[in-house]
Amino acid sequence: MDFLEELNPKQREAVQAECGPVLVLAGPGSGKTRVLTYRVAYLVRARDVAPWHIVAVTFTNKAAREMRERLASSGDGDSRRPRLLSDRQVEGLTVGTFHATCARILRRESNSLPGRDNNFVIYDTNDQLALVRQAVRELNLDEKKTKPSAILNAISKCKNDLIGPDAFRANSYFEEIVARVYLKYQQLLQTNNAFDFDDLIMVTVELLRSRRDLLIAYQQRFRHVLVDEFQDTNLAQYELVKLIAGSEPSLFAVADEDQSIYSWRGADYRNVLRFRKDYPQHCLILLEQNYRSTATILEAAKHVIRRNADRVDKDLFTRRGAGARIRVVEMYDERAEAQFVVDEIIRLQASDGHPAGSCAVMYRTNAQSRALEEEFIARGMPYRLVRGTRFYERKEIRDALAYLRLVNNPHDSVSLARIINVPPRGIGAQTLADLERWAFKLGVSTYDALLKLEAKSRGERLPLPGPFSGRARNALLRFEELLTHLIAERSRVALPELFDLILVTSGYRDYVRDGSVEGQERWDNLMELRGVTTEFAALEPAEALPAFLERVALVADVDGLNDSDSGPALLTLHAAKGLEFPTVFIVGMDEDILPHIRSTDSREALEEERRLCYVGMTRAKDRLYLLHTRQRTALGQGGASVPSRFLKDIPPELIEGRATSRRQRADDREIPRNQTGRADVRVSWQTRIPATSVKPESVRTAAFKAGDTVVHAKFGEGIVVASHLTADDEEIEVAFPKQGVKRLSATIAPLQRVNRP
DNA sequence: GGACAAGTATTTTTT
DNA sequence: ATACTTGTCC
């Protein structure tokens with residue numbers, strides 16, 4: 001297997017593991033995705049697995065795309081590498097996000113789904129929110145007392161935990177409301193022939209659970225399951241993986257608990273622990289060699305992450321040299337911080353020809369980008385802002401998509417409500433509310449209500465009188481006429497033509513092109529969207545529209561935003577995950593920013609902030625700058641700020657100029673603070689809070705770590721797979737060749753460590 | 001039904 | 001500071 005030669009022995013071991021459950025725990029920069037990709041190639045080439053039988057799930061479309069590309073081409077720029085698979089083989093694979101994969105399954109099985117046909121639409125967060133509002137209205141609940149977003153969060157959480165509306169049990173007044181809205185919300189989704197993002201997973205699980213025949217069929221189909229970023233799965237996703245993998249799983253999961261930064265979206269890194277429990281016979285492989293960062297950077301990052309409990313302490317190492325020390329820089333405020341960053345990038349460029357494009361500036365919150373952008377603009381330096389307003393979130397794009405979705409699926413009342421009066425047609429909120437209520441009474445979708453109104457206007461007798469004044473009724477009838485006309489054209493003309501037709505006949509084109517600069521920009525955006533429709537022009541009109549909509553619903557960004565290296569990248573720490581840069585600046589290493597103020601009251605949240613910091617630090621290959629300020633303007637009001645606690649965890653000898661000087665640290669303590677860390681400047685110059693007011697964190701370290709070989713008096717030799725510090729003990733899991741994985745107390749069990757590298 | 005003023009909330013966001 | 005939602009008045 002010559003194509004495996006470019007992997008190191010450990011990576012190769014993972015790739016060639018037997019086809020049972022395999023868990024690869026891998027540190028940053030250890031080649032996780034590479035291992036996953038090669039595993040796919042290995043299954044096909046060495047194990048004669050038909051590509052058809054392989055499903056690889058990722059979390060982003062980007063990751064899926066990159067994986068395909070690597071499999072299909074010599075990849076990574078160095079062109080002399082052999083291809084891993086042929087085009088035909090790659091085409092046979094199922095590589096995609098959880099959501100895209102589930103959407104495909106549901107589309108295929110839509111006849112088994114109550115109230116859905118295969119034209120169902122996928123609602124994103126905006127649509128979901130609109131639907132929650134509608135549900136709240138229909139239940140006559142007070143929108144002010146119960147924030148729709150809070151309800152939606154709760155519903156989403158339920159779905160991530162596979163709790164359907166019937167199974168939900170309320171334990172508080174708020175949850176009572178949630179329970180009622182949830183039920184109504186699901187009904188509305190069904191009436192609209194729609195699923196939301198979370199449904200894609202939950203409904204697929206429900207379907208496979210209730211239909212044994214389908215379950216068996218999909219298990220047969222997807223005999224080999226691979227999961228990337230496994231620490232980011234939620235319960236529903238893990239359940240789905242388990243279902244498809246079946247009782248004799250060929251399941252290959254790659255994870256790094258220390259990079260789990262999406263718990264607020266339902267991700268639960270404890271799925272890694274569950275995996276170990278659910279598949280006790282699994283093969284565990286640790287990838288601990290980092291190929292990215294200098295020893296200094298890696299060491300600093302390890303010191304930061306080590307403070308977290310509940311983790312397998314991986315013993316990361318690198319063969320790279322120490323490299324430059326980390327620069328910890330204190331600036332007066334965020335403007336000075338930005339200046340320093342720009343100055344330093346220019347200096348690096350001038351002194352050693354370090355291209356500006358290989359630098360990245362990272363921050364905790366999007367709002368922090370402003371000071372940076374202002375400085376870059378003032379200095380005339382180009383920069384790449386990674387994910388500003390996303391393309392598909394622009395109003396004009398969402399409006400155009402709403403038209404398209406409505407034409408595809410007229411029962412989609414959320415899209416209908418969005419554009420019924422855009423451009424203005426004299427159908428205001430009141431009229432729309434009346435229409436919706438009327439539709440609700442008749443038990444039909446909003447579009448059907450419009451049809452009934454039209455039938456009535458032709459003189460047909462209907463049981464209920466429409467509640468509309470002449471003016472409103474005329475406006476509604478004109479809209480109905482427009483919509484019916486567009487629907488009739490749907491299966492007649494090619495998609496780009498349909499797109500044009502919609503914009504012209506709806507009056508949207510003239511509405512947008514009002515002669516202003518912004519108007520032109522919006523029009524340009526619409527034309528960019530039109531460009532996407534041309535990719536579907538060759539398909540049958542009836543197929544093109546649903547295919548286009550699915551693509552658009554599941555792809556959050558448009559390619560080509562982060563390609564060129566025309567300047568430094570500006571991005572949030574979250575957005576930085578999975579990327580690497582020779583030089584990284586993390587700005588705002590201040591208490592209340594990183595860790596964020598909203599995280600400081602819970603241990604779990606604080607640990608996630610720590611992981612976030614770790615993710616940022618480990619993006620750096622050669623140079624790492626950590627900046628904090630003395631004073632920071634937040635929400636319009638300035639205040640003194642305190643250096644982030646994470647800075648204290650970095651050993652001084654790794655920091656430029658810190659090893660010898662205690663003075664610097666003493667200076668830090670001079671910064672006045674109150675309990676919240678942000679102090680009123682005037683008061684604070686008199687108040688000095690001793691350093692002890694900062695809560696000390698546990699510095700206890702585990703005696704055992706994953707990978708250690710131990711001998712147990714009874715079980716014999718085994719390998720430690722996990723270690724957690726508990727309140728007063730250390731709990732470890734040890735895999736014994738004969739007896740399986742045992743959970744032991746490190747202080748009580750008769751254990752002896754055999755070796756430690 | 002639409003324009004404007006006041007009020008409110010403001011982390012992160014793979015799909 | 002500011003963007004976005006809601007309330008009031010024409």
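Side chains are part of it too, since the values below use all heavy atoms of this structure and drop only hydrogens, waters and symmetry mates. Naming convention: chains lettered A, B, ... in sequence-line order (proteins, then strands); numbering from 1 in each chain.
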Rounded to whole angstroms, how far apart are CG on A/Asn61 and C1' on B/dT15?
-> 7 Å
Among C/dT2, B/dT15, B/dT13, the nucleotide that comes nearest once only the side chain of A/Phe197 is considered = B/dT15
Mind checking side chain to side chain donor-acceptor pair (under 3.5 Å) for A/Arg270 and listing every partner two or more places apart, or none if nothing turns up?
-> A/Asp268
Measure the distance from CD1 on A/Ile593 to P on B/dT10 and round it to the nearest whole Å.
-> 16 Å
With nearest nucleotides of DNA chain B determined for A/Glu609 and A/Thr60 from heavy-atom distances, which residue corresponds to the more 5′ nucleotide?
-> A/Glu609
Rounded distance (Å) that lies between atom P of B/dT11 and atom CG of A/Asp590 = 17 Å
Atom CD1 of A/Ile597 and atom P of B/dA9 are separated, to the nearest Å, by 17 Å
Under 4.0 angstrom, heavy atoms only, what part of the nucleic acid is A/Arg370 near: base, sugar-phosphate, or nothing?
-> sugar-phosphate
Atom P, compared across C/dC4 and B/dT13: separation rounded to whole Å | 16 Å
Side-chain N or O of A/Thr125 less than 4.0 angstrom from OP1 or OP2 on B/dT15?
-> no
Check side chain to side chain donor-acceptor pair (under 3.5 Å) between A/Tyr262 and all other residues, then give those that pass, not counting sequence neighbours.
-> none
By side-chain contact (heavy atoms from CB on, under 4.5 Å) - contacts of A/Arg370 (at least two apart) = A/Glu374
Is atom CZ of A/Arg104 surrounded by more than 12 heavy atoms (other residues, nucleotides or ligands) closer than 6.0 Å?
-> no
Please test A/Arg274 against A/Asn271 for side chain to side chain donor-acceptor pair (under 3.5 Å), starting from the C-alpha separation and ending with a verdict.
-> CA-CA 5 Å; A/Arg274 293 191 186 111; A/Asn271 279 342; 2.5 Å; yes
Spacing between A/Arg551 atom CZ and B/dT15 atom P, to the nearest angstrom = 13 Å
Separation between the C1' atoms of C/dA3 and B/dT14, rounded to whole Å = 25 Å
Kindly write out the residues that satisfy side chain to side chain donor-acceptor pair (under 3.5 Å) with A/Arg619, not counting sequence neighbours, or none if the list is empty.
-> A/Gln259
Would you jot down, in residue-number order, the residues of residues 259-267 of chain A having a non-hydrogen atom under 4.0 Å from DNA chain B?
-> A/Tyr262, A/Trp264, A/Arg265
I'd like a table of atom pairs between the protein and nucleotides 1-5 of chain B - only N or O on both sides, under 3.5 Å - with the distance next to each one.
residue, atom, partner, partner atom, Å
B/dG1, OP1, A/Gly426, O, 3.4
B/dG1, OP1, A/Gly428, N, 2.9
B/dG1, OP1, A/Thr431, OG1, 2.6
B/dG1, OP2, A/Gly428, N, 3.3
B/dG2, OP2, A/Asn421, ND2, 3.3

Taking only residues two or more places apart in sequence, or in another chain, which ones meet A/Lys395 in a side-chain contact (heavy atoms from CB on, under 4.5 Å)?
-> A/Asp399, A/Arg418, A/Val422, A/Tyr508, A/Tyr511
For B/dT11, does OP1 or OP2 lie under 4.0 Å from any side-chain N or O of A/Arg598?
-> yes
Rounded to whole Å, CG of A/Leu152 lies from C1' of B/dT15 at a distance of 14 Å
In chain order, what residues pass the salt bridge (Lys or Arg N to Asp or Glu O under 4.0 Å) check against A/Lys32, with sequence neighbours excluded?
-> none
Value in whole Å for how far the P atom of B/dT12 lies from CZ of A/Phe59 = 21 Å
Hey, does the side chain of A/Asn366 come within less than 4.0 Å of B/dT13's phosphate (OP1/OP2), counting only N and O?
-> yes
For A/Arg292, what residues pass the side chain to side chain donor-acceptor pair (under 3.5 Å) criterion, not counting sequence neighbours?
-> A/Glu580
Look at A/Asp196 together with A/Lys159 and state whether they make a salt bridge at an N to O cut-off of under 4.0 Å.
-> yes
Round to a whole Å and report the spacing from NE2 of A/His596 to C1' of B/dT13.
-> 14 Å
Using centres under 5.5 Å plus planes under 30 degrees as the test, is A/His574 stacked with B/dT12?
-> no
